[in-house]
2 protein chains.
Amino acid sequence: MMKKSIFLLFVVLCCTGIVAQGQQLKSPNGRFELAFGLTKEGTPTYGLKFKNKVVIKTSNLGLELKLKPDEELHLKGQTDGEIQLKNKSSLYSNFEISDSKTSTFDETWQPVWGETKNVKNHYNELAVTLNQKQTERQIVIRFRLFDDGLGFRYEFPRQKNLNYFTIKEERSQFAMTGDHTAYWIPGDYDTQEYNYTTSKLSEIRSLMGSAYEGGNVSQTSFSPTGVQTSLMLKTNDGVYINLHEASCLNYSTMHLNLDDKNFVFESWLTPDSHGDKGKMQAPATSPWRTIIVSDDAREILASKMTYNLNEPNKIQNTSWIRPTKYVGVWWEMISGKRSWSYTNEFPSVQLGITDFSKAKPNGTHGATTANVKKYIDFAAKHGFDGVLVEGWNIGWEDWFGNDKDYVFDFVTPYPDFDLKGLNEYAHSKGVKLIMHHETSGSIRNYERHIDTAYRLMNQFGYDAVKSGYVGNILPLGDHHYSQWTNNHFQYAVEKAASYQIMVNQHEAVRPTGLARTWPNLIGNESARGTEYHAFGGIKPNHVTILPFTRLIGGPMDYTPGIFEMNLTNGAHVNSTLANQLALYVTMYSPLQMAADFPENYDRFPDAFQFIKDVGLDWDDSKYLEAEPGQYITVARKEKNTEKWFLGSVNGNVSRASKIKFDFLDEGKTYLATIYGDAADANYKTKPQAYTIKTIRVTKKDTIVQHCAEGGGYAISIIPINK
Amino acid sequence: MMKKSIFLLFVVLCCTGIVAQGQQLKSPNGRFELAFGLTKEGTPTYGLKFKNKVVIKTSNLGLELKLKPDEELHLKGQTDGEIQLKNKSSLYSNFEISDSKTSTFDETWQPVWGETKNVKNHYNELAVTLNQKQTERQIVIRFRLFDDGLGFRYEFPRQKNLNYFTIKEERSQFAMTGDHTAYWIPGDYDTQEYNYTTSKLSEIRSLMGSAYEGGNVSQTSFSPTGVQTSLMLKTNDGVYINLHEASCLNYSTMHLNLDDKNFVFESWLTPDSHGDKGKMQAPATSPWRTIIVSDDAREILASKMTYNLNEPNKIQNTSWIRPTKYVGVWWEMISGKRSWSYTNEFPSVQLGITDFSKAKPNGTHGATTANVKKYIDFAAKHGFDGVLVEGWNIGWEDWFGNDKDYVFDFVTPYPDFDLKGLNEYAHSKGVKLIMHHETSGSIRNYERHIDTAYRLMNQFGYDAVKSGYVGNILPLGDHHYSQWTNNHFQYAVEKAASYQIMVNQHEAVRPTGLARTWPNLIGNESARGTEYHAFGGIKPNHVTILPFTRLIGGPMDYTPGIFEMNLTNGAHVNSTLANQLALYVTMYSPLQMAADFPENYDRFPDAFQFIKDVGLDWDDSKYLEAEPGQYITVARKEKNTEKWFLGSVNGNVSRASKIKFDFLDEGKTYLATIYGDAADANYKTKPQAYTIKTIRVTKKDTIVQHCAEGGGYAISIIPINK
């Protein structure tokens with residue numbers, strides 16, 4: 001299915017008839033210039049200029065292959081065996097250019113949900129066909145140069161001598177021009193749930209130890225200078241560079257390993273249990289490697305390049321995919337008030353054997369019929385679409401850390417959860433329950449039950465599932481981001497589509513724009529989310545970095561909306577209340593949770609009003625201010641209405657945000673309700689100090705708004721009907 | 001499901017009220033004597049006497065655990081850390097006996113299919129509860145002493161300090177009394193498809209290299225003295241010992257590693273990708289370790305101990321499980337005449353992308369509608385139940401050796417195979433097609449498609465599937481016999497039962513009597529079968545060893561009945577035609593193939609008559625002659641008829657077989673048709689030289705029958721109605 005569509009794209013591209021101009025390519029707007037070449041060893045290289053300045057120095061491309069043991073043995077026995085061995089394992093040298101084609105492409109497409117109603121997909125393309133004489137092999141490197149950056153990928157056409165092959169390592173370089181500032185998280189094959197570290201490239205090595213602090217339990221490390229993508233960078237002369245990948249399908253996830261003497265990043269793929277980096281069958285392609293560049297940070301946030309490098313939507317009827325605002329039985333467990341598990345009676349449980357109906361309840365179970373009803377009532381009263389319930393199904397007593405294969409069955413409720421009754425109750429109030437499938441990393445077990453589990457959802461009227469992958473991937477050996485596991489995440493999404501189910505994957509691989517193709521993937525976690533306020537801590541400026549990094553590939557289920565910053569477990573949420581409101585706008589997602597307890601919202605009904613009002617799907621988005629680590633301000637126009645919502649998040653230093661309303665329609669007057677930090681607000685000392693004021697605005701107006709440390713503001717802008 | 005029934009058994013056992021007699025136990029018939037003890041280090045030991053002679057010298061028992069890395073690190077930092085570490089990882093020492101119970105059990109059960117109508121299950125039991133003071137842990141070692149041998153297993157009751165644990169190695173010893181003769185195949189985590197080597201224990205090390213010769217492609221090796229079970233042994237004073245296991249569920253397969261100075265075998269489990277030998281959750285049990293002993297080799301063959309150590313049948317309605325005699329589109333491919341694949345046009349294929357309807361047929365495809373019809377006609381004409389068709393579904397072009405994940409979909413036929421039409425045609429003639437699912441070791445892919453594949457079978461009226469697991473287990477890291485993969489084989493069988501489908505697994509783990517519990521598992525390969533005559537070669541006496549080894553755990557789909565010994569590919573079948581006939585009786589299986597081409601049967605219609613006549617299911621079986629590596633003669637009474645069938649296979653040396661018919665009913669006269677080797681028959685030079693003679697016999701008669709090298713004879717014995 002996946003590969004088919006790659007061919008479809010070819011057809012579109014090959015017929016545009018642009019004449020090749022050697023190995024140079026310019027972006028449609030002329031800002032970018034790509035130079036492709038070969039070294040004297042026949043290694044392909046590329047370099048990239050932005051506004052006539054080099055942003056990527058000449059960088060090598062290619063892949064190293066792993067030969068089969070018998071092949072290796074055989075070659076070693078021959079004359080010139082070592083040379084032959086090297087030649088056979090090299091897809092990074094000995095190339096000659098046999099063909100090169102350029103073309104152009106320009107379309108505008110409409111996402112099923114998104115930040116804008118229309119997305120422009122406009123690029124010039126260079127496809128270079130490279131031949132290896134000695135081995136009679138061929139690859140294609142395809143470059144797409146957009147007005148906001150470059151994408152390139154490797155293509156392996158069907159051929160005699162490159163059929164099935166194993167990747168030892170991909171060797172794509174990204175040679176930086178200097179000791180840039182990087183906004184990075186440490187390399188890891190299993191988790192991205194880290195705080196970001198901001199440092200010079202030359203400081204990464206010395207900061208690596210502390211960068212791992214407070215990471216999650218699956219933590220793995222591979223290099224003292226290994227970092228993850230999407231990686232945000234800033235040059236000393238103010239150019240912003242984002243390195244990531246697009247359309248990672250049937251391939252392992254790319255990390256970047258830094259040569260910190262020369263400031264050259266090189267791709268570092270996630271291995272399987274044998275240390276191999278990928279099992280390929282030609283015809284095939286790698287994911288796109290992406291370089292988004294601008295001297296205006298706002299353009300990085302507005303870039304749709306990552307989506308553009310994915311295939312168009314494959315779901316024909318998308319009427320069942322709907323942006324969703326929800327509450328849930330979740331923060332009670334995260335903050336230590338309640339438990340996922342039903343009983344403390346057993347040292348471990350066995351599904352189908354342990355009789356929960358006779359077990360003694362622990363009295364702390366969150367997903368009880370009574371408690372869920374409370375959330376349903378609250379959701380109905382305040383117009384939420386859904387109620388997530390975690391801990392509803394048997395198995396939570398020993399779900400974690402035991403490499404337990406049959407850990408959940410995804411269909412059997414605890415005795416105190418009335419599956420049928422609660423769904424009926426919710427539906428009678430116009431609310432849907434949101435399903436939860438924690439897999440505990442036991443991939444085969446989930447796949448064994450996935451049809452039954454999705455069918456149960458269809459039967460009871462659930463239309464969305466939050467899935468989780470906490471813990472080691474089973475069977476042991478593969479990682480969260482290796483090819484085999486990535487294939488699972490995709491399988492779960494495609495299968496869900498066949499059941500008309502929306503998916504929100506937690507602890508899965510970070511997105512690479514696949515939601516364009518499968519828009520039922522409405523959410524991902526894959527980063528340090530709000531829950532870490534309750535355990536390892538989150539830096540106040542975290543949310544001013546995430547949109548530059550994690551959100552480049554797709555929306556995040558960040559679960560904002562915490563109003564009570566002092567948690568039951570003693571932890572503190574490093575954010576002001578106004579900052580929490582702003583997140584509904586700055587952290588774009590078609591899936592937004594109001595994560596705090598109903599009783600905390602009841603304490604602040606005026607502030608809560610913003611969460612109730614804020615849109616979920618947008619006709620347009622305008623990034624007004626942006627600097628990674630410092631602030632992000634964005635205004636969005638709600639889909640099919642005239643309402644605008646504006647969010648601004650602030651980092652570690654208080655500041656004044658000055659905003660022009662010139663994005664508003666000519667001649668219209670709006671009522672703007674501004675939810676902002678009070679003068680004495682501070683994420684640590686006074687997070688709940690907020691002000692709400694209402695003013696009339698037109699497109700000619702400007703405001704200056706105070707933003708506290710870890711603060712921000714949110715505005716709803718409603719046209720006044722005359 | 002599986003573990004539930006273990007508890008049920010307990011109930012039966014605990015109530016028998018036999019008083020404990022210290023740590024001694026005798027078998028019901030008094031032949032066997034078990035001694036249990038503890039060394040001064042607190043290591044449990046056992047020894048076994050047969051007819052007052054030691055057969056197992058004092059042997060250690062227990063398991064070594066692998067601690068979690070953090071646990072290990074933590075202990076290393078403590079005072080006496082190393083000692084604590086050793087104590088925690090030891091489930092093989094520091095034990096005290098806290099309880100010991102004996103009991104007795106006697107039942108007779110009826111298998112759904114089998115060698116006898118009734119099976120006696122009679123044993124005395126000793127269950128020793130062992131405590132470790134320092135660690136506050138407890139295990140139970142349960143011994144069952146039958147009239148034909150001993151079974152023992154480890155039990156891990158629910159407890160505080162032994163909950164989830166990882167097995168580093170099981171340490172069950174089997175200390176031999178001397179340098180016995182062994183009939184062995186080399187240790188391997190992935191295949192049993194070897195010729196047997198007959199040697200002294202002291203010679204195993206030097207013969208290990210040659211023992212691997214001609215093995216299959218998945219071959220792995222772990223020790224210079226590692227061998228597989230079921231292992232057959234013979235002492236210098238004529239005692240036969242068989243070592244194997246029973247009821248291997250949620251556990252990895254046991255091999256035996258020989259200390260060839262002291263002739264002590266020790267268990268060696270199959271590792272996972274991390275080298276771990278098992279992930280356990282208490283309450284749990286190990287499989288049974290079995291020691292069948294007799295001074296009469298025939299009693300080893302007649303033993304039902306392995307089945308008795310499995311749980312009773314779990315399938316309530318078994319009406320759909322029927323012994324099956326079949327032909328198939330298979331030997332044409334094995335012998336090099338035809339191909340599984342449909343086209344040679346592509347270097348590789350991609351399911352769902354490659355358009356087979358437009359591909360150029362290779363002209364050698366075996367599973368064509370026309371060819372299958374020929375087999376259906378032949379099956380119908382000669383009264384066979386089924387026709388196996390391999391190579392009917394797309395994917396065979398590159399199915400092997402590529403670690404290809406999505407290798408088959410199990411439901412899409414090649415363009416020249418009329419799925420619907422052929423099934424209708426077969427059913428109209430009273431024949432069923434037998435499904436074939438080759439997985440190529442891609443376990444997840446099979447499990448993803450297994451429901452759809454089984455449903456297709458239900459839809460078209462297939463009631464049996466031959467499944468195959470050729471090649472590396474995917475994802476790489478696990479082996480054919482590791483816990484994760486063993487769990488898959490069991491999953492496939494249990495799921496098949498829910499679809500009322502019979503399963504015949506090839507390249508799967510060797511059976512351990514599980515067919516008692518799941519009698520829809522009607523066949524397994526798991527040994528060197530007839531196909532090896534076509535590739536690596538089979539020793540002429542192979543079939544005189546298999547019943548002592550591979551068949552101890554369950555029937556084998558050996559695919560006998562080759563009449564033309566010179567194959568298209570130049571290979572030679574090392575067997576006389578009469579030997580081939582005898583296999584239908586000596587190689588007990590409820591699933592029997594007539595593997596040769598219809599045209600070869602047409603050439604020898606008189607000999608073929610025996611294959612048509614021979615029974616598949618039995619009320620009784622009498623082993624008349626037996627010596628491993630030399631000969632086996634058995635007579636079986638067909639279920640619900642008065643007919644007997646006798647088979648005798650011979651090894652490398654010609655001999656005269658003298659048989660008394662005293663197993664026949666008193667006062668009855670029978671017509672015996674004897675299919676034997678001609679005087680000049682020889683497996684190599686004159687395999688097709690056979691004689692057929694018909695005589696009248698009663699229970700008082702005796703015959704002497706010549707058996708050629710690699711020869712044998714078969715007899716049908718039909719009562720004469722008066």
Side-chain angles (χ1 to χ4, degrees), chain A residues 1-7 68 70 158-166 250 272-276 279-284 346-354 398 401-407 443-445 447-448 450-452 472-478 482-485 487-488 491 495, chain B residues 1-7 68 70 158-166 250 272-276 279-284 346-354 398 401-407 443-445 447-448 450-452 472-478 482-485 487-488 491 495:
Chain A
M1 278 293 271
M2 290 175 242
K3 283 178 184 157
K4 195 170 203 171
S5 53
I6 289 163
F7 296 123
K68 291 185 178 177
D70 54 342
R158 175 177 284 166
Q159 58 197 290
K160 194 170 130 267
N161 286 352
L162 190 67
N163 190 1
Y164 285 95
F165 57 101
T166 299
N250 197 18
D272 67 16
S273 70
H274 282 207
D276 299 342
K279 295 280 182 188
M280 306 294 288
Q281 179 193 2
F346 312 118
S348 72
V349 298
Q350 290 175 320
L351 304 190
I353 295 171
T354 304
D398 60 353
N402 297 311
D403 298 337
K404 183 179 180 181
D405 196 291
Y406 186 24
V407 55
I443 300 293
R444 180 174 68 174
N445 181 58
E447 292 199 4
R448 282 181 175 179
I450 201 166
D451 277 291
T452 315
N472 295 333
I473 295 296
L474 299 185
L476 291 177
D478 266 290
S482 58
Q483 186 181 21
W484 189 82
T485 317
N487 285 353
H488 163 77
Y491 176 79
K495 188 168 275 288
Chain B
M1 279 292 271
M2 289 178 241
K3 283 177 185 159
K4 194 170 201 169
S5 53
I6 288 163
F7 297 120
K68 290 185 181 179
D70 55 342
R158 174 178 286 167
Q159 59 196 288
K160 192 170 131 269
N161 286 350
L162 191 68
N163 190 0
Y164 285 95
F165 57 101
T166 300
N250 197 19
D272 67 16
S273 70
H274 282 205
D276 299 341
K279 295 279 180 189
M280 306 294 287
Q281 179 193 3
F346 312 118
S348 72
V349 299
Q350 291 174 318
L351 304 189
I353 297 172
T354 305
D398 61 353
N402 297 312
D403 297 337
K404 183 178 179 180
D405 197 291
Y406 186 24
V407 55
I443 299 294
R444 180 174 69 174
N445 181 58
E447 292 198 4
R448 283 181 174 180
I450 201 165
D451 277 291
T452 315
N472 295 333
I473 295 297
L474 297 185
L476 291 177
D478 266 290
S482 57
Q483 187 182 19
W484 189 83
T485 318
N487 284 354
H488 163 77
Y491 177 79
K495 187 168 273 290

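Numbered from 1 within each chain, the chains take letters A, B, ... in sequence-line order.
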How close do [X] and [Y] get, heavy atom to heavy atom, and via which atoms?
| X | Y | value |
| --- | --- | --- |
| B/Arg448 | A/Asn487 | NH2-O, 3.8 Å |
| B/Arg158 | A/Phe346 | NH1-CD2, 3.8 Å |
| B/Ser348 | A/Ala282 | OG-O, 3.3 Å |
| A/Ser273 | B/Gly477 | OG-CA, 3.6 Å |
| A/Val349 | B/Tyr164 | O-OH, 4.2 Å |

Could you tell me which portion of [X] (side chain, backbone, both or neither) has an atom closer than 4.5 angstrom to a non-hydrogen atom of chain A?
| X | result |
| --- | --- |
| B/Asp451 | neither |
| B/Lys495 | neither |
| B/Gln159 | backbone |

Tell me, side chain or backbone of [X] under 4.5 Å from chain B's heavy atoms, or both, or neither?
| X | answer |
| --- | --- |
| A/Asn402 | both |
| A/Thr452 | neither |
| A/Ile443 | side chain |

* Asked: To the nearest 0.5 Å, what is the distance between NE2 (B/His274) and CG (A/Asn472)?
  -> 7.5 Å
* To do: In sequence, state the C-alpha distance, the side-chain angles, and the governing distance for A/Asp405 and B/Trp484, and then conclude on side chain to side chain contact (heavy atoms under 4.5 Å, CB included).
  => CA-CA 9 Å; A/Asp405 196 291; B/Trp484 189 83; 3.8 Å; yes
* Keeping the roles fixed (side chain from B/Arg444, backbone from A/Glu447), state whether a donor-acceptor pair exists under 3.5 Å. => no
* Asked: Picking from B/Asp398, B/Thr166, B/Asp276, which has the most non-hydrogen pairs under 4.5 angstrom with chain A?
  -> B/Asp398
* Structure fact -> Scored by heavy-atom pairs under 4.5 Å with chain A, the best of B/His488, B/Lys404, B/Lys160 is B/Lys404
* To do: Show your working on side chain to side chain contact (heavy atoms under 4.5 Å, CB included) between B/Leu474 and A/Lys279 and close with a plain yes or no.
  => CA-CA 11 Å; B/Leu474 297 185; A/Lys279 295 280 182 188; over 6 Å; no
* Quick one: does B/Pro475's side chain get under 4.5 Å of A/Gln483's, heavy atoms only? -> no
